[in-house]
Amino acid sequence: MNKNLTFVLISSTNDLHVEDTLKSISALGRVLVIDGGPRANFLTDQPKVSLVKLADKYGSQYIARKYINSADQYNFGLKNVNTTWAFIIDSDEVLSPELAYFLKQGDFGNFTHYSIKRFNFFLGRKMSHG
C-alpha cells in the first residue's frame, strides 16, 4: 500500500458500481468516501447501497456531506487529504492493472501532478468518441 496516496471518492446511496471501484483501489492507498446522500431523479426501484458498510468493509474513511455538486464534494475531499498525493476517482470507475501497479509502487518522481487518460465503455464496448 502506498502511504503517500489518498483516493477521493464521491458517491451516493444509489451508486450501484461503487463496490467495484472500492475493490480496485482499497489495497493501493488510503480511501476517503464522501457520501452525498441519494441523488434527485433516481429510479426508486433500484437497490440502495450502504456506503457506511462498504467503506468499513474496504477500510475506507467515510464522511457524510450534503451533495451540492461534484466540484464542491471533491474540493471538500481534497481539504481532508493529509497525504502527499491525491487521486480523484468517480464511483463508477476502476483502475487498469497497469495504473494500479504504478500507483502501488509510489515512485511518482519530481512531478507536481499527473493527468490520467480515461476510457469510456458503453454496453461492454470501449467508446472511441461520443
Side-chain angles (χ1 to χ4, degrees):
M1 177 182 286
N2 183 343
K3 297 191 185 293
N4 291 317
L5 175 66
T6 299
F7 291 92
V8 177
L9 170 68
I10 64 170
S11 192
S12 69
T13 56
N14 47 0
D15 286 341
L16 302 178
H17 301 285
V18 67
E19 187 165 12
D20 293 334
T21 304
L22 286 167
K23 281 180 193 173
S24 81
I25 64 176
S26 63
L28 302 176
R30 180 175 173 247
V31 179
L32 177 59
V33 177
I34 315 273
D35 181 0
R39 301 287 205 292
N41 302 323
F42 182 71
L43 301 173
T44 56
D45 62 340
Q46 296 290 324
K48 294 199 172 161
V49 180
S50 171
L51 289 176
V52 175
K53 289 180 183 176
L54 285 177
D56 184 54
K57 178 179 177 179
Y58 290 96
S60 305
Q61 181 183 354
Y62 172 88
I63 299 175
R65 181 174 190 268
K66 184 178 188 233
Y67 182 85
I68 297 169
N69 60 53
S70 294
D72 188 57
Q73 292 294 83
Y74 281 126
N75 285 330
F76 172 80
L78 289 171
K79 289 178 184 173
N80 286 279
V81 170
N82 57 13
T83 56
T84 306
W85 290 92
F87 190 110
I88 293 175
I89 189 165
D90 289 340
S91 61
D92 62 347
E93 295 178 324
V94 294
L95 301 182
S96 69
E98 296 84 8
L99 180 56
Y101 179 79
F102 174 76
L103 294 173
K104 192 171 189 177
Q105 299 311 303
D107 182 15
F108 303 142
N110 294 324
F111 297 98
T112 59
H113 65 279
Y114 283 89
S115 178
I116 306 294
K117 184 173 184 176
R118 297 170 192 254
F119 298 104
N120 293 316
F121 289 83
F122 181 71
L123 298 175
R125 295 181 60 198
K126 184 176 162 184
M127 301 296 294
S128 299
H129 49 280

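Along the sequence shown, residues carry numbers from 1. A quick note: this is a predicted structure, and the numbers were derived from the prediction, not measured.
- With rounding to the nearest 0.5 Å, the separation of CG in Asn80 from CD1 in Ile63 is 4.5 Å.
- To the nearest 0.5 Å, atoms NZ (Lys57) and NZ (Lys23) are separated by 6.5 Å.
- Nearest heavy-atom pair, Leu28 versus Ser24, reported as atom, atom and distance to 0.1 Å: CD1-O, 3.4 Å.
- Residues meeting the salt bridge (charged side-chain N to carboxylate O under 4.0 Å, His left out) test with Lys104, sequence neighbours left out: none.
- With contacts defined as side-chain heavy-atom distances shorter than 4.5 Å, the pair Val33/Leu22 qualifies.
- Interatomic distance, CG of Leu78 versus CD1 of Ile34, reported as 9.0 Å (0.5 Å rounding).
- Put simply, the side chain of Arg30 reaches to within 4.5 Å of the side chain of Asn82, judged on heavy atoms.
- Side-chain atoms of Arg65 and Asp72, non-hydrogen and from C-beta on, do get closer than 4.5 Å to each other.
- In this structure, Leu5 is a member of the same hydrophobic cluster as Tyr114, with clusters built from ILVMFWY side-chain heavy atoms closer than 4.5 Å.
- Taking the six-membered ring where the residue is Trp, Phe7 and Phe87 present tilted rings, their angle falling between 30° and 60°.
- Phe102 and Ile116 end up in the same hydrophobic cluster when Ile, Leu, Val, Met, Phe, Trp and Tyr side chains are linked at under 4.5 Å.
- A distance of 12.0 Å separates CD1 in Ile89 from CD1 in Ile10, rounded to the nearest 0.5 Å.
- Within a 6.0 Å radius of OH in Tyr101, other residues, nucleotides and ligands contribute 12 heavy atoms or fewer.
- With hydrogens and angles ignored, the 3.5 Å screen pairs no side-chain donor or acceptor of Asp90 with any backbone N or O of Glu93.
- Expressed to the nearest 0.5 Å, how far CG of Leu51 lies from OG of Ser91 amounts to 8.5 Å.
- The closest donor-acceptor contact from the side chain of Asn2 to the backbone of Leu103 lies under 3.5 Å.
- Ring geometry for Trp85 against Phe108 counts as perpendicular: the plane angle is over 60°, on a 0 to 90° scale with 30° as the lower cut.
- Neither Met1 nor Leu95 shares a network with the other; the hydrophobic side chains, linked directly or stepwise wherever heavy atoms of I, L, V, M, F, W or Y lie under 4.5 Å apart, form separate groups for each.
- The closest side-chain heavy-atom distance from Asp56 to Tyr62 is not below 4.5 Å.
- Between the Tyr67 side chain and the Ser70 main chain, a donor and an acceptor come within less than 3.5 Å of each other.
- Between the OG atom of Ser11 and the CD atom of Gln73 there is a distance of 10.5 Å, given to the nearest 0.5 Å.
- Val8 and Ile68 end up in different hydrophobic clusters when Ile, Leu, Val, Met, Phe, Trp and Tyr side chains are linked at under 4.5 Å.
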